[in-house]
Amino acid sequence: MAKVKVKKNDTFIDMTAMSDVTVLLLTFFMLTSTFVKDEPVKVQTPASVSEITIPESNLMTILVDSEGKIFLSFTNQQDKVDALTAVGEDYGLTFTPKEMDAFKKLETFGVPIRSVASFLDLPSDQQEKYLKDLENQRVGIPTDQLSDARGLISGDNEFKRWVSHATEKNPQLKIAIKADKSTTYPVIKKVIDDLREMRKNRYILITSLKTASNA
Amino acid sequence: MAEVQVKEQEGGKNKQKKKHLRVDFTPMVDMNMLLITFFMFCTTLLKPQMMNINMPAKDEVKPEEQNKVRESTAITILLGGDDEVYYYLGMIDSTTAYKDPGSFLITSDYTPQGLRKLLLEKNEGTYELIQDLKDKLKNLEIKEDDFNEQARKIQEVALKETKIAPTVMIKASDLSTYKNLVDVLDEMLICNIGAYAIVDITDGDRYLLYMKTLNPAYLTEQQLNQQTKAKK
């Protein structure tokens with residue numbers, strides 16, 4: 001019997017070109033994109049033709065969800081820490097360095113000032129759950145007089161304090177409002193009125209670019 | 001490609017032997033792909049846009065001053081529920097407006113044929129001037145500061161001297177959404193309207209909306225009570 005010789009052919013695919021392409025793509029993504037901010041509420045901003053892009057520093061974003069819960073985020077770490085210290089002082093609260101560190105790690109926050117300490121003690125995955133819990137009444141920065149379970153008034157308009165302290169510490173701070181497009185007007189009006197009472201009459205509405213598909 | 005020719009000298013003899021050194025790039029590609037997928041999922045290419053907005057200070061606008069807005073050029077836009085939008089020209093004239101709200105309050109929409117057509121018509125003369133400036137800015141003929149300065153001058157002349165520019169008051173009802181508000185502000189930008197303001201809705205406007213749509217949700221509680229009393 002004749003031996004059938006199987007010829008072993010070494011198929012070596014040259015991956016250099018492939019590697020070139022992937023590196024190129026990678027560089028493109030790294031340079032052009034920005035990281036998705038982890039926000040407790042998903043917000044779909046309304047489309048607009050305005051082509052001004054938002055500033056990357058000195059910005060305070062007021063995130064308003066459809067029920068009027070308010071969350072804040074700052075682009076500058078220092079503003080965030082200053083604001084927390086100042087608001088805490090108003091209520092006679094001080095924060096330990098450990099709590100401050102935990103606070104620095106938060107991107108978007110929104111809890112009444114008295115719950116901040118206990119909130120910061122939670123591990124980060126629990127914090128996320130806490131903020132996303134729609135049933136939780138202790139989420140969002142209070143904008144009016146709230147009375148707790150014992151009937152005690154637990155605070156006044158903390159939102160106003162946050163804004164006024166933050167802008168006092170950093171006069172260059174710009175205020176931006178980010179709200180879902182289906183939010184009803186009275187909810188927005190509440191925020192606008194609060195800002196107006198503090199004589200903050202210039203601010204930014206965050207929108208997304210209008211394209212043919214979402215026009 | 002991924003081969004490097006290595007020259008090797010053998011035992012003093014000047015014989016060159018060519019040896020191929022192949023580098024396998026497959027793991028490199030694997031890793032890059034992984035990184036790309038990570039970036040695609042965790043980042044966004046969309047940069048959010050923004051819209052600057054200046055509100056009149058609370059104690060600056062007194063009711064008497066609001067009435068100073070020239071009747072001939074005033075446009076009031078009322079934002080209703082269900083993405084509806086209405087407008088009326090001039091002021092509410094209590095003798096005629098409430099008698100015939102159907103024709104006083106005009107229904108419009110957010111399409112280019114609706115509000116934009118009206119605003120462009122009313123802003124004729126100013127719109128073209130600003131548009132020219134915008135083109136110049138686009139072609140880098142003028143700087144942004146110059147643009148702002150010149151645009152401001154044009155708006156001022158149109159408002160105070162030639163008195164052709166309209167003053168738009170945006171009144172959002174409780175049923176309207178944030179999207180409606182941004183859409184209307186957008187129209188102001190598109191039509192180069194110089195003077196516009198977001199104003200609180202008045203009882204008169206609420207009543208007009210109610211008369212037009214017969215939707216009691218536009219009314220305040222007090223007005224509702226009055227309505228039911230009147231019916232009795």
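Note on naming: letters A, B, ... go to the chains in the order of the sequence lines (proteins, then strands), and numbering restarts at 1 for each one.
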Partners of A:Lys80 by salt bridge (Lys or Arg N to Asp or Glu O under 4.0 Å), sequence neighbours excluded? none
Sorted by chain and residue number, the salt bridge (Lys or Arg N to Asp or Glu O under 4.0 Å) partners of A:Asp79 (sequence neighbours excluded) come out as none
Sort out for me which of B:Val182, B:Asn180, B:Asp30 touches chain A most, counting heavy-atom pairs under 4.5 Å. B:Val182
So which of A:Thr184, A:Leu26, A:Leu195, A:Ile206 has the biggest tally of heavy-atom pairs under 4.5 Å with chain B? A:Leu26
Donor + acceptor pair across side chains of A:Thr108, A:Ser73 (<3.5 Å): no
If you count heavy-atom pairs under 4.5 Å with chain B, which of A:Thr45, A:Ile54, A:Ile177 comes out on top? A:Ile54
Quick one: what part of B:Leu181 sits under 4.5 Å from any heavy atom of chain A, side chain, backbone, both or neither? side chain
To the nearest 0.5 Å, how far apart are CD1 in B:Ile77 and CG in B:Asp205? 12.5 Å
Give, as side chain, backbone, both or neither, the part of B:Ile36 having an atom under 4.5 angstrom from any heavy atom of chain A. both
Heavy-atom cut-off 4.5 Å, strictly under: side chain, backbone, both or neither for A:Ile188 against chain B? side chain
Check each atom of B:Leu79 against the heavy atoms of chain A and say whether the ones under 4.5 Å are side chain, backbone, both or neither. neither
Would you say the side chains of A:Thr183 and A:Asp180 form a donor-acceptor pair under 3.5 Å? no
According to the interplanar angle, ranging from 0 to 90°, do the rings of A:Trp162 and A:Phe109 count as parallel (below 30°), tilted (30 to 60°) or perpendicular (above 60°)? tilted
Inspect the contact between B:Asp174 and B:Arg206 and indicate whether a charged nitrogen and a carboxylate oxygen are less than 4.0 angstrom apart. yes
What part of B:Asp183 lies closer than 4.5 angstrom to a heavy atom of chain A: side chain, backbone, both or neither? side chain
If I measure from the heavy atoms of chain B, does A:Lys189 come under 4.5 Å with its side chain, its backbone, both, or neither? side chain
What option among B:Cys42, B:Ser173, B:Gly81 has the most heavy-atom pairs under 4.5 Å with chain A? B:Cys42
Partner chain B: residue of A:Val187, A:Thr22, A:Leu25 with the largest heavy-atom pair count (under 4.5 Å): A:Thr22
Give a yes or no answer on whether the side chain of B:Thr37 reaches the backbone of B:Met33 with a donor-acceptor pair at less than 3.5 Å. yes
